[in-house]
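Data first, discussion second: the structure below is written as structure tokens.
Each ligand, and each atom within it, is numbered from 1 in the order the structure gives. Numbering of residues begins at 1 and proceeds along the displayed sequence.
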Amino acid sequence: MSGTALVTGVTGQDGGYLVEQLAGSGWSVHGVVRPGEALPEALWALGEAVVLHEADLLDHTAMRQVLAAASPDAVFNLAGLSSVAESWDQPVLAARVNGLAVAFLLDLVWRRQEATGHAVRFLQASSAEIFSGAEQAPQNESTEVSPRSPYGAAKAYAHHLVQVYRARGLHAVSTILYNHESPRRPPTFVTRKITQAVAAIAEGQQRSLVLGNLAARRDWGWAPEYVDAMVRALQHSSADDYIIATGRSHSVEDFVAAAFARVGIQDWRALVSVDPALHRPADAVELVGDASRARDRLGWSADLDFADIVGRMVDHDRALLQRGRR
Ligand code: GDP
């Protein structure tokens, strides 16, 4: 399947990779950017391969116009506040962009499909954070939704709403994405914070690293593979929910150790301290997903392993510093 895709959240990590994949496989791609928003390098590099529309997701009229202009066969909703930590400071913003905006978009897509007879597929980038209170690991598509953060609660609402519109007849897909990283991750996420710091320590530009909860465990995958899962899920003949995960969890401490190992530092403990102020009011203890459905139906699996993910991110950050010096 290819056609015209409209992607929200196009300036984010996943948005950039998704636009690259879609444009590279014959799709016409449109993206939505917030008015006045700066564009990342990855989007500049794509040039005219992506048509950008300025609109606020919560501006119903503007979004209706974007849909009319793009006339998409598929809408990928990747927009939203991406940081769980930030959602504790901005719970209302999290509710608006991760929850309410999805209601606006589903309503617009549904009405457009009804009015024009032009079928539109919808994909929601859902999140493992909807399972933060889960008592069992790994989680699968039947695990009870139990958010523990404003971010997770808003994503849970959006996740349910996708199911509501699917039952109403829209081809609405939800990919429940576990943490997925890359050199394009912002340092508000612990992975990039660690790889930037370890690179700077290795280059003699920083002395130490301060972190929060080292015992938290996450199922960390490689972002370009997760974007590929989204495309596969959207293209599948039946709309459903799909867990997208590696099935393996590691602690923040494991990530720190792997990053230091990459630069040849085994004895890293004296370089890292813990600040309780960086602990969250509530935090998922262990998020790990069972992606069997995605494997069986979509032929998808997470292939890049943990050490390679950490290694690629550290190498990238080190190269950036070395280039900066030159
Ligand atoms: P999240 O799973 O989407 O919240 O991704 P993050 O990368 O922000 O956080 C992953 C885990 O790392 C959470 O359990 C955090 O509590 C933990 N963590 C420990 N230290 C830090 C830190 O300094 N920054 C962030 N962002 N997370 C930290």
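With ligand atoms numbered from 1 in the order given, ligand 1 contributes 22 (C), 23 (O) to contacts under 4.0 Å with heavy atoms of K193. For ligand 1, the atoms closer than 4.0 angstrom to any heavy atom of L211 are 20 (N), 23 (O). For ligand 1, the atoms sitting less than 4.0 Å from at least one non-hydrogen atom of A216 are 14 (O), numbered in the order shown with element in parentheses.
Y242 and H236 have perpendicular rings, their planes meeting at more than 60° on a 0 to 90° scale where under 30° would count as parallel. Ring geometry, Y226 versus W300: the interplanar angle exceeds 60°, so the pair is classed perpendicular (tilted spans 30 to 60°).
If you take CZ on R148 and CZ on R280, they are separated by 15.0 Å, rounding to the nearest 0.5 Å. Atom CE in M313 sits 9.0 Å away from atom CD1 in I309 (nearest 0.5 Å).
Taking the ring centroids of F255 and F306, they lie under the 6.0 Å cut-off.
The shortest contact between atom 2 (O) of ligand 1 and any protein heavy atom is with R218 NE, 2.7 Å. Here the heavy atom of the protein found nearest to atom 3 (O) of ligand 1 is V84 CG2, 3.5 Å. If you check which protein heavy atom lies closest to atom 14 (O) of ligand 1, you get D283 OD2, 2.6 Å. For atom 1 (P) of ligand 1, the closest heavy atom belonging to the protein is N179 ND2, 3.6 Å.
In the model, S301 has a side-chain atom that pairs as donor or acceptor with a side-chain atom of D303 under 3.5 Å. R112 and S71 share a donor-acceptor pair across their side chains, judged by distance under 3.5 Å alone. Looking only at atom types and distance, the side chain of S292 has a donor-acceptor partner in the side chain of D290 under 3.5 Å away.
The shortest N or O to N or O distance between T188 and ligand 1 is under 3.5 Å. Taking any N or O of W220, backbone or side chain, none lies under 3.5 Å from an N or O belonging to ligand 1. At least one N or O atom of R280 sits closer than 3.5 Å to an N or O atom of ligand 1. Considering both main-chain and side-chain atoms, V252 never comes within under 3.5 Å of ligand 1 through any nitrogen or oxygen pair. For the pair G212 and ligand 1, the shortest N or O to N or O distance falls below 3.5 Å.
A side-chain donor-acceptor contact under 3.5 Å links D219 to the backbone of T246.
When V190, V256, V274 are checked for heavy-atom proximity to atom 7 (O) of ligand 1, V190 turns out nearest.
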